[in-house]
Amino acid sequence: MTSTTEILRETAARLLSTGAVEMVIGFRQGTVPMMNEPCFVRKPAEAGLLVWDSHCGINLANYVTDRKEKKIGIVAKGCDSRNLVTHILENKIRREQLVVIGVPCRGMADKRKIAMKCPGEILRVHETETAITAEGEGFTRTFEKADVLQHNCSLCIHRNPVIHDELAGEPVEEQQGVDRYADVRAVEAMSPEQRWKYFEDLLAPCIRCYACRNACPLCYCPTCFVDESRPQWVGKGQDPVDVRTFHFLRAYHCAGRCTDCGACERACPVGINMRLFTKKLEKDCLELFGWEAGLSLEVRPALDHYRPNDPNDFIR
Amino acid sequence: MEHMGIEPGRLQFSWISSAESTKFVTVAAQVTEAVRALGPNTRFIKPLAEVA
């Protein structure tokens with residue numbers, strides 16, 4: 001993994017010093033362990049700030065929305081690159097503005113899984129290709145990386161960037177035979193009453209902080225529907241009906257666009273798996289329209305394109 | 001909506017041209033019947049604040 005960091009620094013320095021890009025968006029070490037933060041590098045000398053490890057989960061596509069720079073270098077994992085494709089298709093950035101520095105990704109670590117298995121506060125974290133070691137006051141724990149991956153990463157089938165101009169490292173082997181929708185099917189198998197109860201329990205801890213919306217690269221509306229007050233689409237309080245309305249409308253806005261990057265779940269301070277909503281839509285899109293978001297710049301998205309054989313059995 | 005626990009049949013879609021009056025009547029009758037069979041809605045109901 002260190003080598004990826006070195007390649008990224010070298011690439012960023014080269015692109016900046018030749019004037020190929022005005023800035024590079026990447027990750028730098030966070031102030032606390034396992035929390036790398038986005039960073040905008042504008043000078044070749046600052047390229048040394050960039051890092052790459054298993055804690056670069058944030059989706060950087062979120063930071064290019066409507067940017068005016070003529071050339072932007074951006075570090076992109078598989079999911080980030082799919083969101084960049086979505087951004088380009090939705091005219092939130094032009095392809096010519098981007099120099100995509102692709103990073104073949106082996107999945108990002110779930111900081112909560114690691115923290116839960118440690119007896120105290122984690123002060124230092126380091127890693128090898130397959131293992132992550134967390135150290136704190138009086139303890140050292142080593143985990144197999146495969147055991148502490150984010151849930152969406154463990155199910156990922158697009159680890160290599162779909163678009164890139166530079167590539168930091170060799171492409172990785174894609175996971176085969178992954179059952180992506182086991183959890184959605186489990187919900188589908190329930191009766192309506194059970195489902196209603198299930199989601200009631202799922203959303204009960206929600207504090208309406210909107211971190212899931214803010215972390216999501218798809219949520220770029222200047223004024224979100226939840227912030228509108230004329231008209232007020234949804235109540236702003238903790239009423240379970242309003243909480244649920246927010247969550248399912250947020251999910252609907254991501255229909256046919258969500259790449260299951262996991263940004264929403266990662267950002268949630270109370271650990272709600274709201275991906276269960278977006279994944280249902282993703283599954284339906286795949287089954288009904290054979291569509292997966294952000295794989296190609298050539299194909300128009302499912303909701304943007306009419307085909308005579310589109311399923312319409314639900315209309316009578 | 002049904003994934004979230006709304007009963008199947010409570011939410012219905014149709015496409016009726018303004019010229020298709022008989023279709024409108026038929027569909028409206030069918031929808032009313034289907035929803036009546038399900039009984040009163042219990043989901044997505046928000047009690048209004050009580051004002052003294």
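Every value quoted in this text rests on a predicted model; they were computed, and no experiment measured them. Throughout, a chain's letter reflects where its sequence line sits, starting with A, and its residues are numbered from 1.
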J.: Answer yes or no: is there a side-chain heavy-atom contact under 4.5 Å between A:Asp304 and A:Leu89?
T.: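 A:Asp304 does not reach A:Leu89 side chain to side chain.
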J.: How long is the span from the CD1 atom in A:Ile163 to the CZ atom in A:Arg82, to the nearest 0.5 Å?
T.: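 The CZ atom of A:Arg82 is 12.0 Å from CD1 of A:Ile163, to the nearest 0.5 Å.
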J.: By a 4.5 Å heavy-atom criterion (distance strictly below it), what part of B:Gln12 contacts chain A: side chain, backbone, both, or neither?
T.: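 Answer is side chain: those atoms of B:Gln12 sit under 4.5 Å from chain A.
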J.: Under 4.5 Å between any side-chain heavy atoms of B:Glu2 and A:Pro192, yes or no?
T.: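 No, every pair of side-chain atoms sits at 4.5 Å or beyond.
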J.: Under 4.5 Å heavy-atom distance to chain B, tell me which part of A:Asp242 shows up: side chain, backbone, both or neither.
T.: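 Answer is side chain: those atoms of A:Asp242 sit under 4.5 Å from chain B.
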J.: Checking A:Glu188 against A:Tyr181: is there a side-chain donor and acceptor pair closer than 3.5 Å?
T.: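 The criterion, which ignores hydrogens and geometry beyond distance, is not satisfied for A:Glu188 and A:Tyr181.
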J.: Answer with side chain, backbone, both or neither: which region of A:Glu200 has an atom nearer than 4.5 Å to a non-hydrogen atom of chain B?
T.: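 Neither; nothing under 4.5 Å.
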J.: Picking from A:Ile315, A:Asp284, A:Val184, A:Val187, which has the most non-hydrogen pairs under 4.5 angstrom with chain B?
T.: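 Heavy-atom pairs under 4.5 Å are most numerous for A:Ile315.
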J.: Is A:Tyr198 in contact with chain B via its backbone, its side chain, both, or neither, using a 4.5 Å heavy-atom distance?
T.: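 Looking at A:Tyr198, nothing touches chain B.
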J.: With a 4.5 Å heavy-atom cut-off, do A:Glu282 and A:Thr278 have their side chains touching?
T.: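 No, side chains not in contact.
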J.: With ring centroids as reference points, do B:His3 and A:Phe199 lie under 6.0 angstrom apart?
T.: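 B:His3 vs A:Phe199: aromatic centres under 6.0 Å.
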J.: Sort by residue number and list every residue of residues 243-263 of chain A having at least one heavy atom under 4.5 Å from chain B.
T.: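 Within residues 243-263 of chain A, near chain B: A:Arg244, A:Thr245, A:Phe248, A:Tyr252.
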J.: Quick check for you: to the nearest 0.5 Å, what is the distance between A:Cys212 atom SG and A:Glu265 atom CD?
T.: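 These two atoms lie 11.0 Å from each other.
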J.: Where does B:Ile45 contact chain A at under 4.5 Å (heavy atoms): side chain, backbone, both or neither?
T.: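 For B:Ile45, the backbone is the part near chain A, not the side chain.
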J.: With side chains defined as the heavy atoms from C-beta onward, is the minimum distance between A:Trp291 and A:Leu303 less than 4.5 Å?
T.: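 No; the side chains remain at least 4.5 Å from each other.
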J.: Just wondering, do A:Leu203 and B:Met4 contact through their side chains at under 4.5 Å, heavy atoms?
T.: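 The answer is no; the side chains never approach within 4.5 Å.
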J.: Can you tell me which portion of A:Leu276 sits under 4.5 Å from chain B's heavy atoms? Options are side chain, backbone, both or neither.
T.: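 Backbone only.
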